[in-house]
Amino acid sequence: VTPVQGLQNCGLGLTLVVTEGGPYVCSLTDQVIPGTNYAVQKPEADVVLIVAGLYCQDEQLQDVDMRPEESGKCQSGCLESEGCDRPGLALPHGQRMLIDRAAKWGLPVVLVLMSGGPVDLADYATMTGVQSI
């Protein structure tokens with residue numbers, strides 16, 4: 001079940017405006033397509049819900065001994081899995097940029113984290129605009 005499916009099935013009578021696209025989990029930018037100048041724009045909504053986090057598996061590289069040298073997900077710090085040490089506890093750069101941008105829109109931001117390991121959220125706990133984590 002995806003986060004969108006869960007919200008649709010929860011029976012709260014919510015009207016969801018789902019923005020297609022957004023930064024790839026490992027992206028170094030908040031642009032929908034890296035290299036373009038098309039960043040995620042302010043939605044026509046009452047609340048912004050951002051689902052952020054890390055991959056828990058590299059489906060293309062199952063050999064955990066090869067991940068440090070061969071896995072782009074591991075090397076970019078967006079994989080929390082056996083055989084892969086992240087360089088720090090921060091979210092991937094593109095996700096941080098998206099949260100920073102959304103916090104400036106003047107809409108309440110709810111941050112949902114999907115991660116199999118620790119992530120440093122201290123900056124978001126005190127960030128104006130982020131109402132809930």
Side-chain angles (χ1 to χ4, degrees):
V1 175
T2 68
V4 170
Q5 291 168 332
L7 287 169
Q8 289 170 334
N9 295 334
C10 72
L12 294 176
L14 300 173
T15 301
L16 297 178
V17 178
V18 180
T19 303
E20 294 299 321
Y24 173 64
V25 172
C26 296
S27 179
L28 297 177
T29 177
D30 65 345
Q31 297 170 354
V32 175
I33 301 171
T36 69
N37 286 319
Y38 178 66
V40 177
Q41 301 296 313
K42 178 180 178 180
E44 294 293 326
D46 296 325
V47 175
V48 175
L49 177 74
I50 297 176
V51 179
L54 306 168
Y55 283 109
C56 64
Q57 188 60 267
D58 188 337
E59 293 79 19
Q60 278 123 20
L61 187 59
Q62 296 294 315
D63 185 345
V64 297
D65 295 325
M66 298 299 293
R67 285 184 181 153
E69 294 85 26
E70 301 291 328
S71 171
K73 292 176 184 175
C74 182
Q75 293 169 354
S76 63
C78 61
L79 176 66
E80 179 68 45
S81 185
E82 182 181 2
C84 182
D85 293 326
R86 293 187 294 141
L89 295 178
L91 287 169
H93 185 70
Q95 293 181 42
R96 294 193 316 264
M97 289 178 66
L98 175 64
I99 296 165
D100 291 347
R101 178 188 302 268
K104 295 174 184 167
W105 286 337
L107 298 170
V109 174
V110 176
L111 181 58
V112 176
L113 190 67
M114 297 180 68
S115 175
V119 176
D120 182 3
L121 301 174
D123 289 344
Y124 308 114
T126 59
M127 182 180 282
T128 301
V130 176
Q131 300 296 308
S132 180
I133 300 174

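Position 1 is the first residue of the sequence; numbering continues from there.
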* Structure fact -> Looking only at heavy atoms, the pair that brings Gly53 and Pro92 closest together is O-CD, 4.0 Å
* Asked: Between CG of Leu91 and CE of Met97, what distance do you get to the nearest 0.5 Å?
  -> 13.5 Å
* Got a sec: does the CG of Asn9 have more than 12 other heavy atoms crowding it under 6.0 Å? -> yes
* To do: Drop me the distance from Arg101's CZ to Ile50's CD1, to the nearest 0.5 angstrom.
  => 10.5 Å
* Write down the atom of Ala90, the atom of Arg96, and the distance for their closest heavy-atom approach. => CB-NH1, 3.7 Å
Side-chain donor/acceptor pairs under 3.5 Å, residues 110-133, sequence neighbours excluded:
unit_1 : atom_1 : unit_2 : atom_2 : d
Ser115 : OG     : Gly117 : N      : 3.2
Ser115 : OG     : Gly117 : O      : 2.9
Asp120 : OD1    : Ala122 : N      : 3.0

* Asked: Is Gln5 reaching over with its side chain to a backbone N or O of Thr2, donor-acceptor style, under 3.5 angstrom?
  -> yes
* To do: Give a yes or no on whether Leu49 and Val4 share a hydrophobic cluster (residues Ile, Leu, Val, Met, Phe, Trp, Tyr; joining criterion: side-chain heavy atoms under 4.5 Å apart).
  => yes
* Among all residues two or more places apart in sequence or in another chain, which pass the side-chain contact (heavy atoms from CB on, under 4.5 Å) test with Lys42? -> Trp105, Leu107
